[in-house]
Novice: 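What follows is a single structure, and I will ask about it in a moment.
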Amino acid sequence: MNDHNKTRRDFLKKAGVGSVLGLGFPQIVADAYAGGRPAKISIAKDDVILFQGDSITDSGRNRETNGPNNPRALGNGYALLATSELLYNHAGKNIQIYNRGISGNKVYQLADRWDADCLELKPTILSILIGVNDFWHTLDGKYDGTIETYRNDFRALLQRTKEALPAVRLVIGEPFAVKGVKAVDDSWFPRFTEYQEAAREIAGQFNASFIPYQSIFDRAVKSAPGSYWTGDGVHPSLAGCKLMTHAWMEAFK
């Protein structure tokens, strides 16, 4: 090692940032799962996979294009990236993947459209990311739901789903927010944390794989500012979508 490289290494070590710069994003995801990884889901022949949620899942999808595995129907976010990974990794299994996320949705709005946008599709794997609007929309007075509303509505939705589709395998994403980026300020916490804890608790009750998105983004901001990962604290950038995809794929074999 030449003197220049040694000096730079010593500087980074003393500054306490060397480990951050050297931390690859697969390791960020691995560290976020340190408390326990979800049981791995196997992809079977003819599986039907459904992404559900709000704008983070919707991500500008064309709602007039409803067929499976269609890039226009999948939006331009993590659902598209995860679908491309699954189709690439499981060629020949005839898996069908849909996105039915709708911007602005809260849990009760999922329930209002659940027959057409979930049960009739008969998913064998169902991924749900919901909760940020259940909290966010209370801040501007446009929604009067509480943490109990979120918890009760979410449980009822999953119970309804399991009664109709008892063999469905569930993936539940943790609602997340990146503090200090536009919409997300100190007023979010600790109240929003209650919604995250509820999502984790419900995932456990329904034997769902839980994706710890908040922990993942909290680690990612040590490598690049929050505005790199999300434009407003809630909606992920392209890099943020890739980070979400990597985390989501950890639930699968």
Side-chain angles (χ1 to χ4, degrees), residues 17-38 40-41 43 49-61 71 74-89 97 99 101 103 125 127-133 135-136 170-184 188-189 192-193 195-197 199-200 203 208-253:
V17 298
S19 60
V20 173
L21 291 177
L23 188 62
F25 296 113
Q27 188 60 47
I28 286 174
V29 173
D31 288 348
Y33 278 107
R37 290 177 177 270
K40 294 281 190 176
I41 296 172
I43 300 295
I49 302 169
L50 173 62
F51 288 93
Q52 268 290 3
D54 50 38
S55 56
I56 298 171
T57 302
D58 180 335
S59 200
R61 69 182 178 88
L74 290 162
N76 54 23
Y78 80 97
L80 173 67
L81 298 180
T83 296
S84 69
E85 288 283 326
L86 289 170
L87 294 176
Y88 176 78
N89 292 335
I97 307 177
N99 181 358
S103 180
I125 299 172
S127 176
I128 306 175
L129 173 58
I130 196 72
V132 68
N133 292 322
F135 171 76
W136 194 2
L170 299 172
V171 179
I172 293 178
E174 180 180 32
F176 63 90
V178 180
K179 189 175 176 180
V181 184
K182 292 189 177 179
V184 182
W188 281 61
F189 300 95
F192 184 54
T193 305
Y195 290 75
Q196 297 171 325
E197 292 171 347
R200 182 184 291 272
S209 294
F210 184 75
I211 313 300
Y213 286 128
Q214 187 65 56
S215 296
I216 290 163
F217 278 96
D218 286 348
R219 285 166 171 77
V221 298
K222 297 177 182 179
S223 298
S227 57
Y228 181 80
W229 303 108
T230 169
D232 61 1
V234 172
H235 299 93
S237 64
L238 185 58
C241 288
K242 178 61 177 177
L243 192 62
M244 290 182 67
T245 302
H246 190 91
W248 190 87
M249 290 296 297
E250 282 293 302
F252 293 85
K253 292 183 180 179

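Residue indices begin at 1 and follow the sequence shown.
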Novice: Side chain to side chain contact (heavy atoms under 4.5 Å, CB included) with I216: which residues, sequence neighbours excluded?
Specialist: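 Partners of I216 under the side chain to side chain contact (heavy atoms under 4.5 Å, CB included) test: I28, V29, A32, P212, L243, A247.
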Novice: With sequence neighbours excluded, tell me which residues meet side-chain hydrogen bond (donor to acceptor under 3.5 Å, both in side chains) with E174.
Specialist: none
Novice: Could you work out, with side chain to side chain contact (heavy atoms under 4.5 Å, CB included) as the rule, every residue matching S237, not counting sequence neighbours?
Specialist: A239
Novice: So does Q214 get a backbone contact from the side chain of Q196, meaning a donor-acceptor N/O pair under 3.5 Å?
Specialist: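 No: the side chain of Q196 does not pair with the backbone of Q214.
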Novice: Check V234, D218, V221 against V178 for a side chain to side chain contact (heavy atoms under 4.5 Å, CB included) and give me the one that passes.
Specialist: V221
Novice: For residues G75 and N99, report the shortest heavy-atom separation together with the two atoms involved.
Specialist: N-ND2, 4.4 Å
Novice: Determine the minimum heavy-atom distance between L129 and M244, stating which atoms define it.
Specialist: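 Heavy atoms of L129 and M244 come nearest at CD2-CE, 3.7 Å.
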Novice: I need the R61 CZ to L74 CG distance, nearest 0.5 Å.
Specialist: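 If we round to the nearest 0.5 Å, R61:CZ and L74:CG are 9.5 Å apart.
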Novice: Looking at P175 and Y195, what are the two nearest heavy atoms and their distance?
Specialist: CG-O, 4.3 Å
Novice: Would you say the side-chain atoms of S59 pair up with the backbone N or O of G77, donor to acceptor, closer than 3.5 Å?
Specialist: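 Yes: the side chain of S59 pairs with the backbone of G77.
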Novice: Is the side chain of N133 donor-acceptor paired with the backbone N or O of D54 at a distance under 3.5 Å, no angle test?
Specialist: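 Not a single qualifying donor-acceptor pair exists.
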Novice: Please state whether the rings of F252 and W248 are parallel, tilted or perpendicular, taking 30° and 60° as the class boundaries.
Specialist: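 F252 vs W248 ring planes: tilted.
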Novice: Check for a donor-acceptor pair, side chain of T230 on one end and backbone N or O of S227 on the other, with a separation under 3.5 Å.
Specialist: no
Novice: Suppose we screen for ring pair (Phe, Tyr, Trp, His ring centres under 6.0 Å). Which residues come up paired with F217, at least two apart in sequence or across chains?
Specialist: F176
Novice: What's the shortest heavy-atom distance between A199 and I172, and which atoms?
Specialist: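 Answer, listing the atom of A199 first, then I172: O-CG2, 4.2 Å.
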Novice: Holding to ring pair (Phe, Tyr, Trp, His ring centres under 6.0 Å), I want the full list of residues that pass it with Y78, two or more places apart in sequence or in another chain.
Specialist: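 Once residues adjacent in sequence are excluded, the partners of Y78 under the ring pair (Phe, Tyr, Trp, His ring centres under 6.0 Å) criterion are F51.
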Novice: Using the test side-chain hydrogen bond (donor to acceptor under 3.5 Å, both in side chains), find all partners of W136 that sit at least two apart in sequence or belong to another chain.
Specialist: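 Here no residue qualifies.
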Novice: I'd like to know if the side chain of D58 reaches the main chain of S103, judged simply by a donor and an acceptor atom lying under 3.5 Å from each other, with no hydrogens or angles considered.
Specialist: yes
Novice: For K182, enumerate each residue passing the side chain to side chain contact (heavy atoms under 4.5 Å, CB included) test, keeping only those at least two apart in sequence or located in another chain.
Specialist: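 K182 satisfies side chain to side chain contact (heavy atoms under 4.5 Å, CB included) with D232 only.
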Novice: Looking at R200 and F210, would you say the former's side chain and the latter's main chain have a donor-acceptor pair under 3.5 Å?
Specialist: no
Novice: Mind checking side-chain hydrogen bond (donor to acceptor under 3.5 Å, both in side chains) for S215 and listing every partner two or more places apart, or none if nothing turns up?
Specialist: none
Novice: I'd like to check the side chain to side chain contact (heavy atoms under 4.5 Å, CB included) partners of L87; sequence neighbours left out, ordered by chain and number.
Specialist: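 L87 satisfies side chain to side chain contact (heavy atoms under 4.5 Å, CB included) with N69, T83, I95, I97 only.
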Novice: Please enumerate all residues that pass side-chain hydrogen bond (donor to acceptor under 3.5 Å, both in side chains) together with N89, with sequence neighbours excluded.
Specialist: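 For N89 there are no side-chain hydrogen bond (donor to acceptor under 3.5 Å, both in side chains) partners, ignoring immediate neighbours.
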Novice: Once salt bridge (Lys or Arg N to Asp or Glu O under 4.0 Å) is applied, do any residues pair with K179, and if so which ones, sequence neighbours excluded?
Specialist: D186
